[in-house]
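Step one of this worksheet: look at the structure below.
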2 protein chains.
Amino acid sequence: MTIAQVAQRTGLTAHTLRYYERTGLMLEPPPRGDNGHRRYTERDADWIALLTRLRASGMPIAAMRRYAELARRGRDSYVARKELLEAHRADMIAKIEQLRSDLEIVDYKIDLYSRRIRGEE
Amino acid sequence: MTIAQVAQRTGLTAHTLRYYERTGLMLEPPPRGDNGHRRYTERDADWIALLTRLRASGMPIAAMRRYAELARRGRDSYVARKELLEAHRADMIAKIEQLRSDLEIVDYKIDLYSRRIRGEE
DNA sequence: CTGGGAGTTGGAGCGCGCTCTAAGTCAAAT
DNA sequence: ATTTGACTTAGAGCGCGCTCCAACTCCCAG
């Protein structure tokens, strides 16, 4: 798989894929073809797909790097990896709660404007 | 109300409050005391509180600025303000959905690690 | 043999949202 | 009289997450 294909598939740009690699997010650097071009494996693509989900859910790059480092350590790091994901899970829940709570205010405001537009106040 | 008191109340720093003012987020610049210090009104504090909720829910500064501009225009901008908030509302809903969806994967991963730790695979 | 297109690298640049610094003013406390 | 502390300004700096640039190699089609 070429970098362009992985970009296509994951929605990241080739630039970002190289950046992710540089910054330590890959389990291991993807193998190269004879021409020196990256040849991503299926496993690479799956890992990157996971990374995009973690990013999309708000995990900072630094935490993802820690996660990648742990993953490279293999079975020894199951507990640490689980803890990292649990911490992230807590952040996600908190963010959902925050959004839900702020949604009330936004809804209230929208409703207020609706009534004002209809001339009720 | 001094800038420090508003900072205390809203959780923003004095630095950020001045920045928000500079960047056009206030309805009008807060009045000054004889010493040239800002003297925030209750209305200022309420407005800033609203700003913090919009920020917390992910609204970019640029959109908040647009919202403030509209608010300065008064009754004429009810429709536009409503539309702006509705657009933001849609973003918030989308983000909640995104989080919910990513939560499934994180939960799945956590569960996987739990089982591996217990030696089930 | 000449383009064009896809990849490579190191490193610079950018947009966002703050965050802080430097230098100054003023008022109250010692 | 001096120190402390809260404020003021213009403007610089920063951390994050990309995003892009310049210069290069390589391969293939015309």
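All chains are named by letter (A, B, ...) in the order of the sequence lines, taking the proteins before the strands, and each is independently numbered beginning at 1.
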Report task. Side-chain contact test, heavy atoms from C-beta onward, threshold under 4.5 Å: evaluate it for A:Pro31 versus A:Thr41 and give yes or no. Result -> yes
Query raised in the report: Between B:Tyr20 and B:Thr52, is a side chain to side chain contact (heavy atoms under 4.5 Å, CB included) present by the stated rule, with each step listed?
Result: CA-CA 11 Å; B:Tyr20 275 14; B:Thr52 63; 5.5 Å; no
Query raised in the report: Within the structure shown, what part of the strands sits under 4.0 Å from A:Thr13 by heavy-atom distance: base, sugar-phosphate, or nothing?
Result: nothing
Query raised in the report: What nucleotide, of C:dG17, D:dC20, C:dC20, holds the atom closest to the side chain of A:Arg22?
Result: D:dC20
Report task. Mind calculating the distance between CZ (A:Arg65) and P (D:dG15) to the nearest angstrom? Result -> 14 Å
Report summary line: From CD of B:Glu21 across to C1' of D:dT9 the rounded distance in Å is 12 Å
Query raised in the report: Given D:dC18, is OP1 or OP2 found less than 4.0 Å from the side-chain N or O atoms of A:Tyr20?
Result: yes
Query raised in the report: How is A:Ala4 classified with respect to the nucleic acid when contacts are heavy atoms under 4.0 Å: base, sugar-phosphate, or nothing?
Result: sugar-phosphate
Report task. Pick base, sugar-phosphate or nothing for A:Arg39, based on heavy-atom distances below 4.0 Å to the nucleic acid. Result -> nothing
Requested in this report: Take atom OH of B:Tyr19 and atom P of D:dC14, then tell me their distance rounded to the nearest Å.
Outcome: 18 Å
Report summary line: Testing D:dT19, C:dC18, D:dG17 for proximity to the side chain of A:Thr16, the answer is D:dT19
**Report entry** A:Arg38 vs B:Ala62, nearer the 5' end of DNA chain C by closest nucleotide
**Finding:** A:Arg38
Query raised in the report: Given atom CG of A:Leu17 and atom C1' of D:dG17, what is their separation to the nearest angstrom?
Result: 14 Å
Query raised in the report: Is A:Arg18 touching bases, backbone alone, or none of the nucleic acid, heavy atoms closer than 4.0 Å?
Result: base
Report summary line: Nearest-nucleotide check on DNA chain C, B:His15 vs B:Met59; residue mapping nearer the 5' end is B:Met59
Query raised in the report: So, is A:Arg32 near the phosphate of C:dT9, with a side-chain N or O under 4.0 Å from OP1 or OP2?
Result: yes
Query raised in the report: Would a hydrophobic clustering, with Ile, Leu, Val, Met, Phe, Trp and Tyr connected at side-chain separations under 4.5 Å, put A:Leu27 with A:Tyr19?
Result: yes
Report task. Answer with base, sugar-phosphate or nothing: what part of the nucleic acid does A:Thr2 contact at a heavy-atom distance below 4.0 Å? Result -> sugar-phosphate
Requested in this report: Could you tell me the separation between the CG atom of B:Asn35 and the C1' atom of C:dG24, rounded to a whole number of Å?
Outcome: 14 Å
Query raised in the report: C:dT8, D:dG17, C:dT19: which one has an atom nearest the side-chain heavy atoms of A:His37?
Result: C:dT8
Query raised in the report: Can you tell me how far P of D:dC20 sits from CD1 of A:Ile3, to the nearest Å?
Result: 14 Å
Query - Test of ring centre spacing under 6.0 Å for A:Tyr40 and A:Trp47 - result: no
Query raised in the report: Rounding to a whole Å, what distance do you find between A:Leu51:CG and D:dG17:P?
Result: 13 Å
Requested in this report: Report the distance from atom CD1 of B:Ile61 to atom C1' of C:dT19, rounded to the nearest whole Å.
Outcome: 13 Å
Query raised in the report: If you measure only the distance, is there a donor-acceptor pair under 3.5 Å linking the side chains of A:His88 and A:Ser57?
Result: yes
